[in-house]
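Have a look at the structure below before the remarks.
We use all heavy atoms of the structure for the numbers below, so side chains are in, but hydrogens, waters and symmetry mates are not.
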Amino acid sequence: MTERVALDANALMMPVEVGVRVFEGLDRVCADYDPVVPDVVADELASLADGNGEAATAAAVGTDLAARCDEQETDGQYADDEIVALADSGAVDVVCTNDGPLRERVLAAGTPVIHLRGRNRLTRTHP
């Protein structure tokens, strides 16, 4: 079964911020998946990429990676809230994030989370 995996900005910025190749990590922890990026996440990355410094570089890389994903339209303005809503509604099967508070909210909604374990390895946590 193909899983729909939602990625947040934090996950898409991991290659620059922590040196993790997010899609290689997903290939390792998911048998078959379709990556999904909520439109508010794509907007957030584009906004961050307009700045300077490492965060802007990470966001620019994240924007490039987001282009490899299906974009999911959402109604809200806050990326974390929209990701939780997608998880809660069953629109996505798994969420990939390294954001601790978001991870807890998604797990509380009953959806597994893929996150960083140690320095450079993704792992899956089930609710």
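To the nearest 0.5 Å, atoms CZ (R121) and CG (L116) are separated by 11.0 Å. Interatomic distance, CG of D99 versus CD of E104, reported as 10.0 Å (0.5 Å rounding). Of the inter-residue distances, the one linking E3 atom CD with I114 atom CD1 reads 7.0 Å to the nearest 0.5 angstrom. From E82, atom CD reaches atom CD of E44 across 12.0 Å, with rounding to the nearest 0.5 Å. Between R124 atom CZ and H126 atom NE2 the span is 5.0 Å, to the nearest 0.5 Å. Rounding to the nearest 0.5 Å gives a distance of 10.5 Å between CG of L12 and CD of E17.
Between the side chain of T63 and the main chain of A59, a donor-acceptor pair closer than 3.5 Å is present. Between the T111 side chain and the A87 main chain, a donor and an acceptor come within less than 3.5 Å of each other.
L7 and Y78 fall into different hydrophobic clusters, where Ile, Leu, Val, Met, Phe, Trp and Tyr side chains are chained together by heavy-atom contacts under 4.5 Å. Cluster annotation: L86 is connected to L45 through the hydrophobic network of ILVMFWY side chains, with a link wherever side-chain heavy atoms come within less than 4.5 Å. Side-chain heavy atoms closer than 4.5 Å link hydrophobic residues (I, L, V, M, F, W, Y) into clusters, and following such links, even through other members, never connects V95 to V40.
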Expected list for residues 22-36: side-chain donor-acceptor pairs under 3.5 angstrom, two or more places apart:
from	atom 1	to	atom 2	distance (Å)
E24	OE2	R21	NH1	3.4
D27	OD1	Y33	OH	2.8
R28	NH2	L122	O	2.6
D32	OD2	T2	OG1	2.5
Y33	OH	F23	O	3.4

Practice task
Show your working on side chain to side chain contact (heavy atoms under 4.5 Å, CB included) between D70 and V37 and close with a plain yes or no.
Solution key: CA-CA 6 Å; D70 294 331; V37 173; over 6 Å; no
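The shortest heavy-atom contact between C96 and A11 is O-CB, 3.3 Å. Minimum heavy-atom separation, D8 to N98: OD1-N, 4.4 Å.
T97 and N10 share no side-chain donor-acceptor pair at under 3.5 Å.
Counting only heavy atoms from C-beta outward, the side chains of M13 and L48 approach each other to under 4.5 Å.
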